Number of protein chains: 2
Amino acid sequence: MTQPDFQQQLRDVALRVTRPRLAVLEAVHAHPHADTESVIAAARTLLPEVSHQAVYDSLHTLTEVGLVRSIKPAGSVARYETRTGDNHHHVVCRSCGSIADVDCAVGHTPCLTASDSHGFVVDEAEVIYWGTCPECSHRPQ
Amino acid sequence: MTQPDFQQQLRDVALRVTRPRLAVLEAVHAHPHADTESVIAAARTLLPEVSHQAVYDSLHTLTEVGLVRSIKPAGSVARYETRTGDNHHHVVCRSCGSIADVDCAVGHTPCLTASDSHGFVVDEAEVIYWGTCPECSHRPQ
DNA sequence: CCACTTATCTTGAATCAGTCAAGATTTCAC
DNA sequence: GTGAAATCTTGACTGATTCAAGATAAGTGG
């Protein structure tokens with residue numbers, strides 16, 4: 001993934017290629033599961049003067065078109081990743097909040113068929129596994 | 001579920017039986033999936049002078065002991081329910097935010113076995129189905 | 001290559017759910 | 001009934017996210 005790749009991604013979804021968006025894309029790609037503050041910091045190493053608002057806007061826009069995906073586990077602020085469209089899920093550490101990717105056990109679009117969805121038209125199943133990360137379980141308390 | 005039942009529930013988990021807690025338990029039981037503000041309002045119909053802080057405290061405490069469960073779908077504030085311990089999940093309407101219960105398709109503790117959990121010790125799998133509720137899909141836009 | 005339209009960005013203020021803290025009350029065990 | 005400790009009230013505060021207005025820059029057509 002290089003600068004031109006990100007530019008192409010933006011063009012492919014008919015979005016204007018702006019420096020803030022490139023910086024955000026690159027930042028999220030380099031720091032999967034980073035929260036907004038970290039994305040802002042990372043983006044600023046590439047483009048020192050980006051406003052936090054531009055980052056928020058970019059993240060929203062990129063999320064809408066599907067170039068980034070946002071996850072908001074309960075008790076955590078929003079986090080972002082560029083791995084999209086492959087229906088993977090996440091393990092979240094209850095203790096330190098760290099996140100790892102998990103391919104679903106049941107194959108593709110798992111659990112997507114709810115037994116009784118009360119007439120809802122379901123288009124996505126989001127799974128969050130809660131537990132303890134290796135680091136936190138080794139260091140008791 | 002009557003007042004004495006709620007009192008007993010509190011005693012069973014060694015919590016003091018206070019009027020705010022009873023009001024909150026009853027409110028959540030009567031309004032499944034209600035957000036905090038609604039719980040406060042409902043609790044105040046039973047106990048007019050409860051402080052919002054007491055409701056927050058009660059919700060936290062009751063959640064810790066497992067008498068209520070909290071859900072926080074992305075983009076929504078915290079919501080609460082008294083149906084606990086049966087590993088059910090939720091469908092959330094992207095359009096209006098309404099929530100319905102869903103028993104998991106795969107049986108009990110579904111999907112709980114992630115294929116590769118990166119060394120995490122997983123103790124719970126939370127599933128959120130995203131879609132459109134009957135009302136919103138009938139009324140286009 | 002230039003001008004124009006409009007999306008996007010900057011700046012700075014505002015919102016709002018949720019939290020913190022100190023002192024007053026209430027619960028429950030004895 | 002009494003006392004210790006948990007719980008509640010009051011009121012201020014935090015911090016992630018959003019709103020709004022004007023400035024700037026991307027892409028289009030000439």
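Remember, it's a predicted structure, so these values are computed and weren't measured experimentally. Proteins come first, then strands; the chains are lettered A, B, ... in the order of their sequence lines, and each starts at number 1.
- For the segment residues 59-84 of chain A, residues with any heavy atom less than 4.0 angstrom from an atom of DNA chain D are, sorted by number, A:H60, A:V77, A:A78.
- Judged by distance alone, the side chains of A:D101 and B:H118 never bring a donor and an acceptor atom under 3.5 Å apart.
- Taken residue by residue, residues 20-38 of chain A places heavy atoms nearer than 4.0 Å to DNA chain C at A:P20, A:R21.
- Within the 4.5 Å cutoff, no side-chain heavy atoms of B:T36 are placed close to those of B:R79.
- Side chains of A:V77 and A:E37 form no contact here, defined as non-hydrogen atoms less than 4.5 Å apart.
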Could you pull out all donor-acceptor pairs under 3.5 Å where a side-chain atom in residues 13-29 of chain A meets a protein atom, sequence neighbours excluded?
residue, atom, partner, partner atom, Å
A:T18, OG1, A:R21, N, 3.3
A:R21, NH1, A:R16, O, 3.0
A:H29, ND1, A:T82, OG1, 3.1

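- Under a hydrophobic-cluster definition in which Ile, Leu, Val, Met, Phe, Trp and Tyr are linked whenever side-chain heavy atoms come within less than 4.5 Å, directly or via other members, B:I128 and A:V102 are assigned to different clusters.
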- Determine, step by step, whether A:R83 and A:H88 satisfy the side-chain contact (heavy atoms from CB on, under 4.5 Å) criterion, reporting the C-alpha distance in whole Å, the side-chain angles of both residues, the deciding distance to 0.1 Å, and the verdict. CA-CA 9 Å; A:R83 186 178 161 192; A:H88 75 275; 3.4 Å; yes

- Hey, mind stepping through B:L59 and B:Y80 against side-chain contact (heavy atoms from CB on, under 4.5 Å) and telling me if it holds? CA-CA 8 Å; B:L59 285 172; B:Y80 298 89; 3.6 Å; yes

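- Here the C1' atom of nucleotide C:dA21 and the OH atom of B:Y56 are 17 Å apart, to the nearest Å.
- A rotation axis mapping the C1' atoms of four pairs onto the next four is fitted at both ends of the helix from C:dC1-D:dG30 to C:dC30-D:dG1 over five pairs, and the angle between these axes is 40° to 10 degrees.
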- Protein-to-nucleotide contact annotation, 5' to 3' order, nucleotides 19-30 of chain D [B base; S sugar-phosphate only; - none; under 4.0 Å, heavy atom]: B------BS---

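- Remark: C1' of C:dT19 and CD1 of B:I40 are 13 Å apart, rounded to the nearest angstrom.
- A 4.5 Å side-chain heavy-atom check between B:F120 and A:S98 finds at least one atom pair inside the cut-off.
- Side-chain contact between A:Q9 and A:D5 is absent, with no heavy-atom pair separated by less than 4.5 Å.
- In this structure, the side chain of A:T84 engages the main chain of A:G66 through a donor-acceptor pair within 3.5 Å.
- Screening residues 41-67 of chain A for side-chain hydrogen bond (donor to acceptor under 3.5 Å, both in side chains), with sequence neighbours left out, gives no hits.
- Side-chain contact check for A:V39 versus A:H31: every heavy-atom pair is 4.5 Å or farther apart.
- You'll find the side chain of A:E81 reaches within 4.5 Å of the side chain of A:H90, heavy atoms only.
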